[in-house]
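Data block below; observations after.
Because only heavy atoms are used, hydrogens play no part in the values below, and waters and symmetry mates are left out as well, while side chains stay in.
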Amino acid sequence: MPIADKVAAAHKINDLLKQLIAAGEFKLKYRITVEPQFTDERQSWERPEILVEFAGPDSTLVLERGAELLRSFEMLSQEMLRLGPEEHELVSFDCRNFRATRLRELKTSAEVAAERVRKSGMPYEFGPMSSRERRILHLALRDQADLKTESAGVGAERGVVVYPKDYKPHVNPRPMVRRR
């Protein structure tokens with residue numbers, strides 16, 4: 001469901017970021033764009049209604065530990081706007097083109113995993129990742145007729161598993177117990 005009043009939502013995000021940046025004494029600037037238009041390949045993978053882009057001397061802090069602070073800012077904004085998990089992609093935060101770089105990494109990882117599964121005939125399991133990153137992997141492999149993908153795990157431990165299309169898990173029968 002789209003954000004009803006995108007401009008009002010952008011103003012709320014602006015107010016939140018002003019407070020967070022001041023309280024954290026970060027040296028950061030940001031730009032909030034409503035209805036951003038992407039000119040690169042991101043356009044077919046991400047379509048946020050609000051995009052927040054950071055720059056400045058503390059950009060490296062924002063991107064440390066897999067962009068943990070960037071994701072935290074994004075999550076706080078999504079929670080403040082009361083967006084459900086299925087709506088999280090409506091608001092996107094970026095810093096120094098991290099999202100586009102991560103998108104390329106995920107697509108390359110999907111291709112490598114697909115080849116491994118084809119060669120071995122065995123599933124390939126990615127580590128835990130965000131719902132947005134899982135979605136990108138599913139989309140990257142959706143046209144591979146010989147493969148299927150599933151999300152597996154619970155909560156923060158949820159990842160993607162790539163299977164051969166007709167994969168049947170090998171089940172060891174229970175050993176017979178002889179009674180005397």
Report yes if some heavy atom in the side chain of [X] is under 4.5 Å from a heavy atom in the side chain of [Y]; otherwise report no.
X	Y	answer
E49	V34	no
R96	T60	yes
I50	I3	yes
M129	L137	yes
V162	F126	yes
F26	L20	no
V62	C95	yes
D146	V117	no

State, to 0.1 Å, how close [X] and [Y] come at their nearest heavy-atom pair, and which atoms those are.
X	Y	result
L28	S59	CD2-N, 3.8 Å
A152	V161	CB-CG2, 3.9 Å
T149	H138	OG1-ND1, 2.6 Å
P164	P123	CD-N, 4.3 Å
S77	L16	OG-CD2, 3.7 Å
L51	P36	CB-CG, 3.7 Å

With a 4.0 Å cut-off on N to O distance, would you call [X] and [Y] a salt bridge?
X	Y	result
E89	R132	no
R99	E74	yes
E133	R71	yes

Which value, rounded to the nearest 0.5 Å, describes the distance between [X] atom [atom1] and [Y] atom [atom2]?
X	Y	atom1	atom2	value
E53	I32	CD	CD1	10.5 Å
T33	Q37	OG1	CD	10.5 Å
E111	L106	CD	CG	11.5 Å
L141	I136	CG	CD1	12.0 Å

When F73 is tested against each of F93, Y30, F54 for ring pair (Phe, Tyr, Trp, His ring centres under 6.0 Å), which residue passes? F54

Got a donor-acceptor contact below 3.5 angstrom from the [X] side chain to the [Y] backbone?
X	Y	result
R158	G153	yes
D58	L61	no
E68	R65	no

More than 12 heavy atoms of other residues, nucleotides or ligands under 6.0 Å from CZ of R118: yes or no?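 Yes, the 6.0 Å shell around CZ holds more than 12 heavy atoms from other groups.
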
Is it true that, when you exclude K12 itself, more than 12 heavy atoms of the residues, nucleotides or ligands shown sit nearer than 6.0 Å to its NZ?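 Atom NZ in K12 is not packed in, count stays at 12 or less.
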
Are [Y] and [X] linked, directly or through intermediate hydrophobic residues, by side-chain heavy-atom contacts shorter than 4.5 Å (ILVMFWY only)?
X	Y	answer
V112	Y124	no
V52	V7	no
M75	L81	no

Any side-chain donor near an acceptor of the partner, S130 and H88, under 3.5 Å: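 Absent: no donor and acceptor within the cut-off.
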
Residues in side-chain contact (heavy atoms from CB on, under 4.5 Å) contact with S131, at least two apart in sequence or another chain: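 Counting only residues at least two positions away or on another chain, S131 forms a side-chain contact (heavy atoms from CB on, under 4.5 Å) with R134.
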
Evaluate side chain to side chain contact (heavy atoms under 4.5 Å, CB included) for Y167 paired with M122, printing each intermediate quantity in order. CA-CA 8 Å; Y167 180 75; M122 297 299 294; 3.9 Å; yes

